Amino acid sequence: MDSKVRVRFAPSPTGGLHIGGVRTVLFNYLFAKHHGGDFILRIEDTDQSRFVPGAEQYIMDTLAWCGLSPDESPAVGGDYAPYRQSERKHLYKKYADQLIADGYAYYAFDTPADLENKRNEIPNFQYNKAHRNEMKNSISLSENEVNDLLKNNTPYVVRIIMPEQETLSFNDLIRGEVSFDTSTVDDKVLLKADGMPTYHLAVVVDDHLMKITHAFRGEEWLPSAPVHILLWKYLFGLNHMPQWAHLPLILKPEGHGKLSKRDGERLGFPVFAMDWMDPNTKEQTIGFKERGFLPEALINLLALLGWNDGTDKEIFSIDELIAQFSLARVHKGGAKFDYEKAKWFNQEWIKKTDNDQLATLVKPFYDDAQIEVHEPAYLVKVIGLIKDRCHLLYDFITQGSFFFKAPTEIDTASILAKWEEKKQAFFTELTAAYAEMITNGDTQPVAADLEIHFKALATTHEIKPGDLMLPFRIMLVGGKFGPGVFEIIQAIELKDAKERIEYSLKLLSNK
RNA sequence: GGAGCGUUCGACUAAGGGUUAGGUCACCUCCCUUUCACGGAGGUAAUACGGGUUCGAAUCCCGUACGCUCUACCA
């Protein structure tokens with residue numbers, strides 16, 4: 001007993017990492033760290049036809065960005081290396097052979113075409129007790145025939161014999177007791193014709209070899225649990241089997257069904273953790289990272305999708321999650337993904353993050369938008385002014401670009417609605433006043449003084465300051481948004497402000 | 001079709017025999033704000049259905065409906 005907790009995430013490197021996958025990682029990680037255990041990354045690349053170059057590196061990069069780095073992996077190694085199943089190919093055959101020797105499995109020589117035909121011929125065909133004998137395998141054929149086929153290097157697979165009417169049950173850490181009748185599942189392939197194991201064999205063998213104590217995976221795996229239980233029973237003993245937990249699915253926001261990459265494209269939000277480009281199709285898929293999410297926020301929102309600590313608390317740091325996490329509080333039912341709530345989590349994390357740190361995170365977005373940031377300190381200051389109105393890191397561009405360069409698009413329509421001659425005169429005089437201040441060396445007056453000055457001038461012109469604020473703001477930022485106007489002027493400095501007013505006045509007089 | 005799993009406001013969820021069924025997102029109203037936000041105060045809104053058990057059921061039991069997952073030499 002008391003063996004160290006060891007959990008694993010075992011993805012196949014076939015593309016970008018879906019947030020469902022990230023959450024599986026997260027729950028594994030939280031459970032391991034909560035119990036002072038190890039989190040292992042194992043790459044399940046047994047299907048060479050689906051192998052995608054770069055996908056494995058992408059997975060590791062994603063885990064690193066999320067702060068969920070494995071204790072053992074193909075990259076960092078560990079006592080149970082190798083961590084790629086393709087490099088462990090030689091290990092599996094032995095167990096398949098053992099199963100055959102013990103009468104729990106058999107050779108099957110049917111070609112894919114044979115199977116295809118059979119499936120077309122018989123509706124709901126199952127390779128099981130009912131049809132085993134009609135197929136070409138070491139149960140239906142004589143020993144000599146089988147030996148001849150093997151001697152001639154006839155391609156074969158190894159299939160497990162699913163027993164008749166045996167009830168298999170296990171205690172799922174989330175769902176409680178779950179049971180299956182073995183008659184309802186077919187004779188799954190264990191070893192493929194190319195010598196690679198299928199998931200079923202590989203997961204059992206590797207979990208055993210890597211001393212995995214707890215195995216968590218998506219709910220979609222539940223129906224194949226009986227196969228795995230049987231394998232544990234035959235190979236290593238049920239008492240050594242890890243404890244299973246089948247995690248609820250992340251569902252589409254509206255309709256029903258598992259959240260997919262397509263839903264993101266259709267509804268305009270990311271589904272992958274980071275940008276992914278399929279090297280074959282060159283298809284680009286946006287990620288949460290590039291959309292402007294903080295990893296803390298992604299982790300936080302994923303943790304709360306199907307789990308809570310029993311209180312009203314919703315904002316958790318990774319350390320708090322580790323401290324509070326328990327499988328007992330994980331939901332059984334799937335959760336629909338809500339992008340609005342996801343953005344709320346990110347906004348909360350933006351508020352929690354200090355301005356210096358935000359500046360380094362936001363800088364790449366400015367670079368991408370080709371907005372030059374000459375002084376890092378200035379960016380920090382701008383961030384302080386606008387962070388309350390940003391949900392995504394990208395919002396720091398839309399909410400802040402005018403601090404770095406004058407807006408080119410001016411919402412003149414909104415100004416024109418109530419534009420009059422005396423306002424024109426007012427702003428003309430304002431620019432003159434600013435010019436004079438600049439000449440006097442007062443280039444960056446404080447916001448409060450600017451406001452006093454502005455209001456005094458408005459009074460002189462017999463205009464309510466309120467009637468001037470909106471046009472003024474639009475001249476400075478281009479539209480109806482942003483922090484206080486006088487704070488903006490203080491930041492961008494008088495000369496710039498003056499030029500923006502003049503530019504707008506020119507636009508207005510042309511209309 | 002079969003098997004398994006699931007079902008509380010539009011969404012995420014709390015309450016696990018006794019609550020006016022609570023919170024958060026979204027939505028609406030108001031306050032603050034001479035913009036947009038942020039912040040503050042309110043509001044709309046839910047126990048799938050039908051039977052039991054019980055003084056009392058969202059909660060326990062049975063059935064029904066609906067949904068999802070799986071049903072590959074993919075994971």
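Everything quoted here is computed from the prediction, not taken from an experiment. Any value given below was found using the heavy atoms of this structure, including those in side chains, with hydrogens, waters and symmetry copies removed. In what follows, chains are A, B, ... by sequence order, proteins preceding strands, each numbered from 1.
- Separation of the P atoms belonging to rA75(B) and rG18(B) is 48 Å when rounded to the nearest angstrom.
- Salt bridge absent: E296(A) and K352(A) never bring a charged side-chain N and a carboxylate O closer than 4.0 Å.
- Nucleic acid contact for R329(A): sugar-phosphate only, since backbone atoms but no base atoms lie under 4.0 Å from a heavy atom of the residue.
- Applying side-chain contact (heavy atoms from CB on, under 4.5 Å) to F403(A) and the options I383(A), D496(A), I386(A) leaves one that passes, I386(A).
- If you check rC5(B) for Watson-Crick or wobble pairing at under 3.5 angstrom, you find it paired to rG67(B).
- No contact: H246(A) has no heavy atom under 4.0 Å from any strand.
- The base-pairing partner of rA72(B), taking Watson-Crick or G-U wobble contacts with both distances under 3.5 Å, does not exist among the strands shown.
- The side-chain contact (heavy atoms from CB on, under 4.5 Å) test applied to D47(A) returns S49(A), R50(A), K192(A), not counting sequence neighbours.
- Using a 4.0 Å heavy-atom criterion, one finds that S179(A) contacts the sugar-phosphate atoms exclusively.
- Rounded to a whole Å, the NE2 atom of H331(A) is 11 Å from the C1' atom of rA15(B).
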- Base versus backbone protein contacts along nucleotides 21-43 of chain B [heavy-atom cut-off under 4.0 Å; B, S, -]: --SBB--------BBBBSS----
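- On the C1' atoms, rU7(B) is 10 Å away from rU47(B), given to the nearest whole Å.
- Mapping W307(A) and D181(A) onto RNA chain B by nearest heavy atom places D181(A) at the nucleotide closer to the 5' end.
- V178(A) comes within contact range of the sugar-phosphate backbone alone, with a heavy-atom separation under 4.0 Å but no base atom that close.
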- Item | Contact letters for nucleotides 60-75 of chain B, in which S counts primed atoms plus P, OP1 and OP2 and B counts the base, heavy atoms under 4.0 Å | -------SSSSS-BBB
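- For the pairing with L230(A), the side-chain contact (heavy atoms from CB on, under 4.5 Å) check across L168(A), L99(A), V185(A) returns one residue only, L168(A).
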